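Reading through the structure tokens given below for one structure.
Fair warning: this is a prediction, and the values are worked out from it, not measured in the lab. Just so you know, these numbers use all the heavy atoms, side chains as well, and skip hydrogens, waters and symmetry mates. We're numbering straight along the sequence, starting at 1.
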Amino acid sequence: MTTAQTTELDVQPTPLALLLLGREADPKSERGVECPGDLPSPSDPDLVERARAAKAKLGDKVFVLGHHYQRDEVIQFADVTGDSFKLARDAAARPEAEYIVFCGVHFMAESADILTGDDQKVVLPDLAAGCSMADMATAEQVAECWDVLTEAGVAEQVVPVSYMNSSADIKAFTGKHGGTICTSSNAQRALEWAFQQGEKVLFLPDQHLGRNTAVRDMGMSLDDCVVYNPHKPNGGLSAEELRAAKMILWRGHCSVHGRFSLDSVNDVRERIPGVNVLVHPECRHEVVAAADYVGSTEYIIKALEAAPAGSKWAIGTELNLVRRLANRFAPEGKEIVFLDRTVCFCSTMNRIDLPHLVWTLESLAEGKLVNRIQVDRETEAFAKLALERMLALP
């Protein structure tokens, strides 16, 4: 195509394309994409030394958090590693740190900002590191869902339970409507508490964790669960379906864990006789039902720590963590493989790379605050209320 033809057609990239390229922002999404300043080249051989030097210069003023799904090149600079809630609590336990650099995704940094002191500043090295699951439930969509529940005459019976993997707005909605937050390790306790408060639960935003907990752990049936689709009128559900349901599951999922299939489980069992299949509860129900063990990220790590030498494991969770665990336990004779043949990184988590981390640390060392994540006071108050209800669970 000639230049003249291009001009004549006035070809313009779509807003979605620009968002994916990191050149625009969606104000209704938890993701930001602006990154002022020039990043160091990823081929710079001095990146590791630059990161060390900047971190050393900052000293106790900085506290670096590394989520389990981060790249090894980033994890090496983390003061602590863990899942999203553990890291947020670790940050709150370090009040002397002026800067909390959260190597994770946007909702995690929001949670850290909610739980840390007003004088602490939470920084996300790349504002484009969002979460597809968290983005599947916006404040406007959830408010509309509540209107649907009200019109069906069931809202007063419903207690919202929101997964930690949600935006601050959704956590605030949950707190305002008498609900609680849960993690993948305490989802059952959260649901048990919720059913003591009301007859039904609106579970946000991961349908799989909600379904697996209700059916696998609490003995409900699949018929007790309905899926609310925010892209359909009335969520695609009738008033009768809402009245009959115990679990109203939001139509959201993790883009990583949702890729595992029953075929993945059957295939790995054929390839590796005697393998133990261990998966995260964000996986589909049929995958969880076919697995030998199911648990949170921390559960997966502890299970492999306790596993006997020579045992074989296929893990259904993010690849960075699986690869790190495989290398860690190989000297003990434990064979650890990724559940699926398809490589599956968390693409948004992987946006936090060494160039972004170096740029962040060097900027802070020069006294320039960049990429601060700050939740407004009203949202923070209601979100904190929901988080405190979780912390009070027996």
Side-chain angles (χ1 to χ4, degrees), residues 65-72 74-75 78 80-90 103-105 108 131 133 163-165 182-190 206 208-213 216-217 253-262 264-265 267-269 272 274-346 349-350:
L65 308 174
H67 191 273
H68 285 309
Y69 297 168
Q70 285 295 317
R71 308 160 180 249
D72 288 344
V74 170
I75 282 289
V80 292
T81 59
D83 61 15
S84 58
F85 184 58
K86 175 183 179 294
L87 292 176
R89 294 189 73 178
D90 285 343
C103 298
V105 294
M108 300 178 187
C131 171
M133 180 201 295
Y163 191 21
M164 179 62 73
N165 299 27
C182 76
T183 68
S184 52
S185 58
N186 72 2
Q188 181 175 347
R189 276 182 288 155
D206 180 22
H208 300 307
L209 178 62
R211 182 183 295 107
N212 289 328
T213 305
R216 180 181 182 273
D217 301 329
H253 65 276
C254 169
S255 58
V256 171
H257 293 103
R259 290 175 63 100
F260 298 114
S261 66
L262 188 56
S264 305
V265 178
D267 176 67
V268 80
R269 290 198 192 281
I272 308 175
V275 71
N276 297 284
V277 177
L278 170 57
V279 303
H280 195 282
E282 290 176 19
C283 293
R284 301 178 194 180
H285 181 67
E286 59 268 26
V287 173
V288 165
D292 300 300
Y293 303 94
V294 181
S296 66
T297 303
E298 296 292 338
Y299 173 91
I300 290 171
I301 295 170
K302 290 176 181 176
L304 294 175
E305 287 174 341
S311 54
K312 302 174 183 179
W313 297 83
I315 311 299
T317 193
E318 205 272 345
L319 183 56
N320 272 321
L321 175 60
V322 176
R323 188 170 58 186
R324 192 174 301 123
L325 292 171
N327 292 333
R328 174 184 168 186
F329 293 115
E332 299 178 24
K334 300 172 187 178
E335 181 181 348
I336 298 170
V337 301
F338 193 58
L339 177 58
D340 199 5
R341 290 180 181 271
T342 305
V343 173
C344 194
F345 291 104
C346 175
M349 190 79 73
N350 269 266

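- Between the CG atom of Leu319 and the CG atom of Leu339 there is a distance of 11.5 Å, given to the nearest 0.5 Å.
- Counting all heavy atoms, side chain and backbone alike, Arg269 lies closest to Ala290 at NH2-O, 2.9 Å.
- At a threshold of 4.5 Å between non-hydrogen side-chain atoms, the residues Leu87 and Met108 do not count as touching.
- Between Phe85 and Ser185 the shortest side-chain heavy-atom distance does not fall below 4.5 Å.
- Asp292 contributes a side-chain N or O that, together with a main-chain N or O of Val277, makes up a donor-acceptor pair within less than 3.5 Å.
- Remark: Glu286 engages no residue in a salt bridge (charged side-chain N to carboxylate O under 4.0 Å, His left out) (not counting sequence neighbours).
- In this structure, the separation between SG on Cys346 and NE2 on His68 is 14.0 Å, given to the nearest 0.5 Å.
- Atom CG of residue Leu325 and atom CG of residue Leu321 lie 4.5 Å apart, to the nearest 0.5 angstrom.
- For the atom pair Phe329 CZ and Ser311 OG, the distance stands at 10.0 Å (nearest 0.5 Å).
- Listed here is the closest heavy atom pair of Val294 and Leu278: N-CD1, 4.2 Å.
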Verify salt bridge (Lys or Arg N to Asp or Glu O under 4.0 Å) between Asp340 and Arg259, making sure each step is shown before the conclusion. CA-CA 9 Å; Asp340 199 5; Arg259 290 175 63 100; 5.4 Å; no
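- Looking at His285, His280, Arg284 one by one, the single match for side-chain hydrogen bond (donor to acceptor under 3.5 Å, both in side chains) with Asn212 turns out to be His285.
- A pairwise comparison of heavy atoms in Ala291 and Val279 identifies CB-CG2, 3.7 Å as the closest pair.
- Minimum heavy-atom separation, Phe260 to Val287: O-CG2, 3.5 Å.
- With a 4.5 Å cut-off on side-chain heavy atoms, Val337 and Ile315 do not count as touching.
- Checked for salt-bridge contact, Asp206 and Arg211 miss the test: no charged N lies under 4.0 Å from a carboxylate O.
- Between the side chain of Asn186 and the backbone N or O of Arg189, no donor-acceptor pair lies under 3.5 Å.
- In this structure, the side chain of Lys86 engages the main chain of Thr81 through a donor-acceptor pair within 3.5 Å.
- Separating the CG atom in Asn276 from the CD1 atom in Ile336 is a distance of 10.5 Å, to the nearest 0.5 Å.
- Closest heavy-atom contact between Cys283 and Gly316: SG-O, 3.9 Å.
- For Glu305, the salt bridge (charged side-chain N to carboxylate O under 4.0 Å, His left out) partners are Arg328, not counting sequence neighbours.
- Checking Arg324 against Asn327 by side-chain atom types alone, no donor-acceptor pair falls below 3.5 Å.
- With values rounded to the nearest 0.5 angstrom, Glu298 atom CD is found 10.0 Å from Thr183 atom OG1.
- A donor-acceptor pair under 3.5 Å is absent between the side-chain atoms of Glu282 and the main chain of His257, judged by distance alone.
- Side-chain atoms of Arg216 and Thr213, non-hydrogen and from C-beta on, never get closer than 4.5 Å to each other.
- Taking both residues in full, the closest heavy atoms of Pro281 and Gly295 are given as CD-O, 3.1 Å, listed atom of the first, atom of the second, then distance.
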Yes or no on side chain to side chain contact (heavy atoms under 4.5 Å, CB included) for Ser184 and Tyr163, after CA distance, side-chain angles and deciding distance? CA-CA 8 Å; Ser184 52; Tyr163 191 21; 3.6 Å; yes
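- Not a single donor-acceptor pair under 3.5 Å links the side chain of Asn350 to the backbone N or O of Arg71.
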Run the numbers on Asp72 and Asn320 for side chain to side chain contact (heavy atoms under 4.5 Å, CB included), then give the verdict. CA-CA 8 Å; Asp72 288 344; Asn320 272 321; 5.7 Å; no
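- Under a 3.5 Å cut-off, the side chain of Lys334 and the backbone N or O of Ala307 do form a donor-acceptor pair.
- Looking at Met164 and Asp83, their side chains never come closer than 4.5 Å, going by heavy atoms from C-beta outward.
- The shortest distance between side-chain heavy atoms of Tyr69 and Thr297 falls below 4.5 Å.
- Under the 4.5 Å side-chain criterion, counting only non-hydrogen atoms from C-beta, His253 is not in contact with Met133.
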